[in-house]
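Lettering follows sequence order; numbering is per chain, from 1.
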Amino acid sequence: MSIYDSLNPKQQEAVFHTEGPLLILAGAGSGKTRVLTHRIAYLIEEKHVKPWNIMAITFTNKAAGEMRERVDKLVGSGSESIWVSTFHSSCVRILRRFIEYLGYNTNFTIYDSDDQRTLMRQVLKKMDLDPKQFRDRAIINAISTAKNELISPQEYRLNAGGDWREQKIAAVYQEYQDCLKRNNALDFDDLIFKTVELFNASEEVLEYWQERFCYIMVDEYQDTNTAQFRLISLLAGKYKNLCVVGDDDQSIYKFRGANIRNILDFEGAYPGARVIKLEQNYRSTSHILDAANAVIQNNEGRKDKALWTDNGAGEPVEFRQFEQAYEEAEGIVRDILKHGYAYQDCAVLYRTNAQSRLLEEQCIRNNVPYRLVGGVNFYQRKEIKDVLSYLKTIANGHDDLAAQRIINVPKRGIGATTIGRITAWSSEQGISFYDACVRILAIPGMGKAAARVGKFTAQMESFRELLQTGASIKELIEAVVSETGYQEALEAEGEIEAQTRLENIEELINKAVSYSEEHEQPDLNEFLEEVALVADIDRMDDSENRVTLMTLHSAKGLEFPMVYLSGMEDGLFPGMMALMSDDKTEVEEERRLCYVGITRAKERLLMTAARLRMVNGETRYSKVSRFVEEIPAELIQAERLYERAGRQRNNETGADGLPWAKSRQQKGVSMFGMKSNSYDSPTPDFSGTPACGAGIFDAAGAGGRASKNPAPAFGKQFTVQRQTALDYGVGDRIRHIKFGEGTVQAIEDGARDYEVSVNFDGAGTKKMFASFAKLKKI
DNA sequence: CGTGGCATAGTTTTT
DNA sequence: CTATGCCACG
């Protein structure tokens, strides 16, 4: 009895085929991770391949982590030396050792999309291009596409030919790359691009890695782009022991450069490649699977395959159309409360992040604990970026963007003029921005600002010393936040803002602590880089009992017993862009996305749509998504609204006859923004807090209990409950966590919360919200 | 130099 | 509608 007996014949075939190129076409839920992990185990235990000669590439860190965990269980010792990581982190590791061949320094920094944008603006400004004609976003996209296709600035210029605009973009591309290099920085696309460049530049380096990775496995192969394909080809070029796993029907990252031809043409690129299809699905009921098959069949140019399952038929797929978008959200949440699945077994999926708002509202309203994946990345939040910029500047002064970001945060009286002068001087001298700051006295025309800059650099140097003398990253962050006055400045901004932001910083500190615990020799640079490559999905903690809200894209690779597909409307999903496009593969891509969504469901699938939805401030009517129509009637149980004539509609929806009247009214009583007493308890207005809907945050339900409890429950950022009564009154002595002791001056019954004025012994009079201030009676 | 107000533009999905 | 950017004022 071996561990391989539990695999089906096809899976075994894939596991035992170890030499030469292998394409595993793994349909949704066909156990591909099982195959990959068992294959690794087989290589090590039966073929005696050294663990360090194996490389497994996944798309997200989360997937990498899971795979590593499962491999650990299968393979006793040595599994830690297998490379299991994403394309991006693999490339970083390679570049950290050899990028000097390309004239960069090995302690390069990684620019995220925000940094990229900042830099691009600087470049566009410097080149004096009409911002109307050359939008940063558009140029970044063009460059990104070029990099994904391995097109260098020089080639871009050649391809541009006589096209004036393209010529300009080529020049911007060139300048942008020069700036990156001067800053010793790489953007996301560069990580792959530069690694390929490195391999092309040095036979010696390439051979080193070819010998290192004799066995390579790539997951989600349908989503690789040209650069990634090239990278893999180079690495596997010598031994050709390349095993790729993917499903062409789940290719959903075209916008990111993914080239579906990579998987469709694999056999062409690797003659003699073995192809194994995994078609048995272990995840879903046959109703769900048949619905998925029915939808995807409408695509052309796919690899022929037929997924089947011997799970039971299960319940039919359901579809419900609602009048209003908020009713749709409400319907979903009600259903969650009704059907009895644990919260953590439910996922609500949608096409665009904007749709999460209504769902959140309804979850909060009905006390359903949820977890939001996506939106603004945690690491892109202002306060986090600020702190990280400090750390970057402390770690090495090479990152100009980071230094420029924080030199006047908190306010130090160093304005744009001064920063501009320093920047100009630093580029004249060919030194970094930070180094220029250090030599501030040498810069002409500085005046008063010189002293301020001097104070700044002195402080930064003191932080460096702190780090030298062995302070942990945690201690460093704490020192930065308190000694620079960052925390103070934050608190001055307002109670609610400060609270959420400080909690975010707290979360970053936690991250730093767990990093330090995991590594024998914690290193600030390494920490920064780890943090630079995390995706939202990586931070998803599925141990808590919460409903998951996320985009269809984020859902790839996951599964849930109960799945809701919301916003099934033509114009939203498939999106307007795809419908309008002449390129019909755009709709096909959306259809694949739908296929991914459907196949996430194990037991029950409910699709929903609204006939009316607010989009960009105006109400839009939509038809039911064509994807729903593609599911044969016998598989689906549909509740539709009748298509009504316009006049009748007015009677139904709005007292004043306006079609959108009802939605306005609803907006008025919504949880966001408006003051309203129609709920058991008001909630903070988090439509205004930047942290809202950002990254993953946890909104805790009342311990998993549904309704009844009048206090709405938020977690983390929103650990807010309006106290029905305060245990202190005017004149009482209280204690505040930061301001110390004081006397309550007044309590106002505000719209959302009690506003308490307190005269602190040390800090004077402050007005604060009761639920945030956490005042204790003494 | 900092702030606040106004105008404008933008909108998919993310490593 | 909302976020961001720019400009004018204090």
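- We find that CG of A:Leu349 is positioned 14 Å from P of B:dT13, with the value rounded to whole Å.
- Of all nucleotides listed (B:dT15, B:dT13, B:dT14), B:dT13 comes nearest to the side chain of A:Arg351.
- We find that A:Asp247 and A:Lys32 are not joined by a salt bridge, their nearest charged nitrogen and carboxylate oxygen being 4.0 Å or further apart.
- Every residue two or more places apart in sequence or in another chain that forms a side-chain hydrogen bond (donor to acceptor under 3.5 Å, both in side chains) with A:Thr585 is listed here: A:Lys254, A:Asp583.
- A sub-4.0 Å separation between OP1 or OP2 of B:dT14 and a side-chain N or O of A:Asn353 is present.
- Side-chain nitrogen and oxygen atoms of A:Thr551 include none within less than 4.0 Å of the OP1 or OP2 phosphate oxygen of B:dT12.
- Rounded to whole angstrom, the span from the CG atom of A:Leu593 across to the P atom of B:dT14 amounts to 10 Å.
- Every residue meeting the side-chain hydrogen bond (donor to acceptor under 3.5 Å, both in side chains) condition with A:Glu328, not counting sequence neighbours, appears here in chain and number order: A:Thr608, A:Arg613.
- Following rounding to the nearest Å, A:Lys147 (NZ) and B:dT15 (P) show an atom-to-atom distance of 18 Å.
- With sequence neighbours excluded, the residues that form a side-chain hydrogen bond (donor to acceptor under 3.5 Å, both in side chains) with A:Arg351 are A:Glu590.
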Which atom pairs link the protein and nucleotides 4-6 of chain C when you take only N or O atoms and keep those under 3.5 Å?
{"residue": "C:dG5", "atom": "OP1", "partner": "A:Arg121", "partner atom": "NH1", "Å": "2.4"}
{"residue": "C:dG5", "atom": "OP1", "partner": "A:Arg121", "partner atom": "NH2", "Å": "2.7"}

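- Atom CE in A:Met577 sits about 5 Å away from atom P in B:dT12, given to the nearest Å.
- If you take CZ of A:Arg137 and P of B:dT14, they are 13 Å apart, rounded to a whole angstrom.
- The separation between A:Asp189 atom CG and B:dT15 atom C1' is 9 Å, rounded to whole Å.
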Check nucleotides 1-3 of chain B against the protein and report each pair of N or O atoms closer than 3.5 Å, with its distance, or say if there are none.
{"residue": "B:dC1", "atom": "OP1", "partner": "A:Gly415", "partner atom": "N", "Å": "2.8"}
{"residue": "B:dC1", "atom": "OP1", "partner": "A:Thr418", "partner atom": "OG1", "Å": "2.6"}
{"residue": "B:dC1", "atom": "OP2", "partner": "A:Thr417", "partner atom": "OG1", "Å": "2.5"}
{"residue": "B:dG2", "atom": "OP1", "partner": "A:Asn408", "partner atom": "ND2", "Å": "3.2"}
{"residue": "B:dG2", "atom": "OP1", "partner": "A:Gly413", "partner atom": "N", "Å": "3.4"}

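- For the atom pair A:Leu528 CG and A:Glu526 CD, the distance stands at 10.5 Å (nearest 0.5 Å).
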N/O-N/O pairs, protein side and nucleotides 7-9 of chain B side, under 3.5 Å:
none

